[in-house]
Number of protein chains: 2
Amino acid sequence: MKLQLHIKMNEALFLRNPENSELGKNILKHSVQLIGKTGFEAFTFKKLAEDIGTTEAGIYRYFENKHKLLVYLTAWYWAWLEFQISFHTNNMNEPIEKLKRVIKLLATAVEDDEKTSYIDESLLYKIIIAEGSKAYLTKQVGEDNKQQFFKPYKDLCAVVGAIILACCPTYKYPKSLASTIIEMAHFQNFFMNNLPSLTDFGESKEESEIIAFLNDLVFTSLEKK
Amino acid sequence: MKLQLHIKMNEALFLRNPENSELGKNILKHSVQLIGKTGFEAFTFKKLAEDIGTTEAGIYRYFENKHKLLVYLTAWYWAWLEFQISFHTNNMNEPIEKLKRVIKLLATAVEDDEKTSYIDESLLYKIIIAEGSKAYLTKQVGEDNKQQFFKPYKDLCAVVGAIILACCPTYKYPKSLASTIIEMAHFQNFFMNNLPSLTDFGESKEESEIIAFLNDLVFTSLEKK
DNA sequence: TTATTTATGATAGTATTACTATCTTTTAAA
DNA sequence: TTTAAAAGATAGTAATACTATCATAAATAA
């Protein structure tokens with residue numbers, strides 16, 4: 001028997017649930033590939049339709065526009081990651097070990113283990129690094145937020161913030177430190193690979209160094225108190 | 001007599017130097033206003049031309065496309081900020097005080113003091129917060145970087161990294177900490193105003209709290225060593 | 001089983017975007 | 001005063017970001 005993880009997505013993100021049809025799953029699968037290949041700016045529903053072998057109108061029946069699709073993919077990723085974290089930190093009772101594990105999960109490229117799923121997590125990870133912030137860096141961020149589009153991201157941040165507080169109950173900035181860890185796990189990776197002089201890892205290009213940096217940053221902050 | 005600061009821009013960023021003509025200065029001035037109003041996605045050269053009272057073709061004689069214009073504005077901002085930092089930390093001999101000043105300058109909304117300049121720095125500051133990362137979060141980041149488009153950003157980062165090292169010569173991640181401070185000064189501001197639950201400053205919405213957070217983050221990291 | 005809803009395919013069409021080209025007039029420099 | 005450079009005016013094109021319509025296939029309900 002194979003267990004399959006199912007993430008319940010916010011219904012306002014799509015017009016027709018992409019998980020309920022072959023075409024829908026193809027849209028998710030191929031959009032991850034195409035965004036990964038061309039970048040979000042050059043990505044269009046027309047190209048996506050050609051890749052899938054359907055028509056532009058077909059895609060529009062699922063997603064209102066490419067922004068909603070990006071928000072969908074990022075929301076899916078954060079929800080998936082929160083599950084990964086809860087799974088991998090389960091039974092750990094030492095919050096410091098928990099937080100270390102979280103940092104590792106945030107900063108490590110995942111493998112696409114579950115062949116069953118229509119989403120290639122390792123490719124999606126790269127997309128989130130390069131395109132993820134575009135989901136909220138818009139003029140509509142307020143409305144999108146009202147519609148709870150960023151709930152998975154905020155939930156993840158809350159989880160990490162709670163672990164931080166468990167490590168150090170007197171620490172004053174658990175949420176900001178959480179969002180800093182999450183963003184920097186990705187930005188340092190992007191910088192390391194694309195603008196290496198903005199990091200100290202330009203030579204090795206090893207994620208392990210990002211993890212070491214974040215651990216140092218976080219645990220000196222928390223131990224001190 | 002009025003001194004005017006002049007920032008020498010990378011020539012590959014424009015087709016015709018916008019600083020050398022009234023139209024060019026108008027392009028800079030109005031693009032800052034229009035991007036601030038509509039956001040970068042909805043910003044077009046056509047709307048900009050209408051705002052200025054010129055034609056689309058007129059804008060294209062200065063900038064190849066809106067991406068180059070955004071990169072120009074961000075480069076200008078980082079160069080300007082580096083000058084602000086060197087100006088305001090001049091004669092400070094205590095590196096810790098210097099670094100504190102840098103953090104304050106990074107996280108504080110500037111006022112548009114010099115009425116002479118055609119760039120409204122306080123408006124530009126908001127644009128950099130909301131749109132700045134889009135300058136490098138693209139597929140062309142490699143080529144853009146080869147053409148030195150991000151030099152002002154990298155220079156600023158190097159300056160901050162050097163101050164960090166002056167504070168603590170044994171610290172292992174000066175560049176990554178520098179880019180973290182720079183990015184977080186802006187992201188925490190964006191979050192505070194738009195996705196407040198990602199920060200600890202949602203209630204007060206005070207920049208001073210971001211500064212306090214960054215100071216805490218940085219100086220516990222550096223003191224420890 | 002047929003009737004009917006629902007999803008998809010095929011095709012067309014529109015407004016806007018992101019440009020390029022050309023020609024004329026104005027402005028400024030030699 | 002000549003001449004070159006910048007700006008204005010206008011036109012045009014390919015691609016993007018959609019919307020609409022109609023036919024067909026597949027799934028579901030009567």
Side-chain angles (χ1 to χ4, degrees), chain A residues 9 11-31 34-35 37-73 118 131 134-135 138-140 143-144, chain B residues 9 11-31 34-35 37-73 118 131 134-135 138-140 143-144:
Chain A
M9 299 295 295
E11 308 238 325
L13 281 171
F14 50 77
L15 300 169
R16 183 172 297 169
N17 194 333
E19 292 180 295
N20 290 344
S21 72
E22 276 312 302
L23 179 55
K25 289 176 200 167
N26 266 322
I27 290 174
L28 297 179
K29 184 178 177 174
H30 285 88
S31 65
L34 191 55
I35 294 173
K37 201 170 104 190
T38 66
F40 186 65
E41 277 68 41
F43 167 80
T44 70
F45 278 5
K46 187 151 190 240
K47 290 178 199 162
L48 177 59
E50 276 159 23
D51 274 19
I52 297 174
T54 181
T55 60
E56 223 182 330
I59 317 280
Y60 277 105
R61 289 194 182 107
Y62 283 83
F63 290 98
E64 217 179 310
N65 52 49
K66 69 176 188 168
H67 175 247
K68 284 264 171 72
L69 175 53
L70 178 66
V71 176
Y72 182 100
L73 292 174
Y118 33 87
E131 323 284 356
K134 295 172 192 169
T138 69
K139 280 281 158 183
Q140 331 131 50
E143 286 125 72
D144 285 0
Chain B
M9 299 295 295
E11 307 239 324
L13 280 171
F14 49 77
L15 299 170
R16 183 173 295 171
N17 194 332
E19 291 180 297
N20 291 344
S21 73
E22 277 311 302
L23 179 56
K25 289 175 200 168
N26 266 320
I27 290 173
L28 297 179
K29 184 178 176 173
H30 285 89
S31 64
L34 191 55
I35 294 173
K37 201 171 104 188
T38 67
F40 186 64
E41 278 66 42
F43 167 79
T44 70
F45 278 4
K46 186 149 192 242
K47 289 178 199 161
L48 177 59
E50 278 160 21
D51 274 18
I52 297 174
T54 182
T55 60
E56 224 181 330
I59 318 281
Y60 277 104
R61 289 193 184 107
Y62 283 83
F63 290 99
E64 218 179 308
N65 52 51
K66 69 175 187 170
H67 175 248
K68 283 264 170 73
L69 176 52
L70 179 66
V71 175
Y72 181 100
L73 292 174
Y118 33 87
E131 323 284 356
K134 295 171 192 168
T138 69
K139 280 281 157 184
Q140 332 130 51
E143 286 126 70
D144 285 359

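Chain naming here is simple, since letters A, B, ... match the order of the sequence lines and numbering starts at 1 in each. Not measured: the values here are computed from a predicted model.
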Between B:Glu56 and B:Ser21, just flag the one whose closest nucleotide in DNA chain D comes earlier from the 5' side. B:Ser21

Got a sec, which residues hit side chain to side chain contact (heavy atoms under 4.5 Å, CB included) with [X], two or more places apart in sequence or on another chain?
X: A:Glu22; value: A:Lys25
X: A:Thr54; value: A:Leu23, A:Ala49, A:Ile52, A:Ile59
X: A:Glu131; value: A:Ile35, A:Phe40, A:Glu41, A:Leu70, A:Ile127, A:Lys134
X: A:Ala57; value: A:Thr55

Rounded off to whole Å, could you give me the [atom1]-to-[atom2] distance for the [X] and [N] pair?
X: A:Asn65; N: D:dA17; atom1: CG; atom2: C1'; answer: 9 Å
X: B:Asn17; N: D:dA6; atom1: CG; atom2: C1'; answer: 14 Å
X: A:Leu15; N: D:dT19; atom1: CG; atom2: C1'; answer: 13 Å
X: A:Glu64; N: D:dT19; atom1: CD; atom2: C1'; answer: 13 Å
X: B:Asn26; N: D:dA6; atom1: CG; atom2: C1'; answer: 14 Å
X: A:Glu22; N: D:dA25; atom1: CD; atom2: C1'; answer: 16 Å
X: A:Lys46; N: C:dA10; atom1: NZ; atom2: P; answer: 15 Å
X: A:Tyr62; N: D:dC18; atom1: OH; atom2: C1'; answer: 19 Å

With B:Tyr72, which residues qualify under ring-ring contact (aromatic ring centres under 6.0 Å, His included), at least two apart? B:Phe63

Which residues pass the ring-ring contact (aromatic ring centres under 6.0 Å, His included) test with B:Tyr60, sequence neighbours left out? B:Phe45

Taking the side chain as C-beta and beyond, is there a heavy-atom pair between A:Leu69 and A:Leu73 under 4.5 Å? yes

So if I take every side-chain heavy atom of A:Thr55 and compare against C:dT11, D:dA6, C:dT8, which nucleotide ends up nearest? C:dT11

Give the nucleotide from the list C:dA7, C:dA18, D:dC18 with an atom nearest to the side chain of B:Tyr60. C:dA18

Residues two or more places apart in sequence or in another chain: which of them pass salt bridge (charged side-chain N to carboxylate O under 4.0 Å, His left out) with B:Lys66? none

Heavy-atom closest pair, residues B:Asp144 and B:Ala135: OD2-O, 4.5 Å

When every non-hydrogen atom of B:Thr138 is compared with those of B:His67, the smallest separation belongs to CG2-NE2, 3.9 Å

So, OP1 or OP2 of D:dA7: does either fall under 4.0 Å of a side-chain N or O from B:Thr54? no

Can you run through DNA chain C from 5' to 3' and write each base as (, ), [, ], | or . depending on how it pairs? Watson-Crick or G-U wobble, both distances under 3.5 Å. ||||||||||||||||||||||||||||||

Please list all pairs passing the side-chain hydrogen bond (donor to acceptor under 3.5 Å, both in side chains) test where one or both residues lie in residues 11-21 of chain A, with sequence neighbours left out. A:His6-A:Glu19, A:Glu19-A:Tyr118, A:Ser21-A:Tyr62

Salt bridge (Lys or Arg N to Asp or Glu O under 4.0 Å): pairs with one or both residues in residues 50-60 of chain A, sequence neighbours excluded: none

Heavy-atom protein contacts under 4.0 Å, nucleotides 21-30 of chain C, coded B base, S sugar-phosphate only, - none: BB--------

Give the residues of residues 37-45 of chain A touching DNA chain C, defined as any heavy atom closer than 4.0 Å, sorted by residue number. none

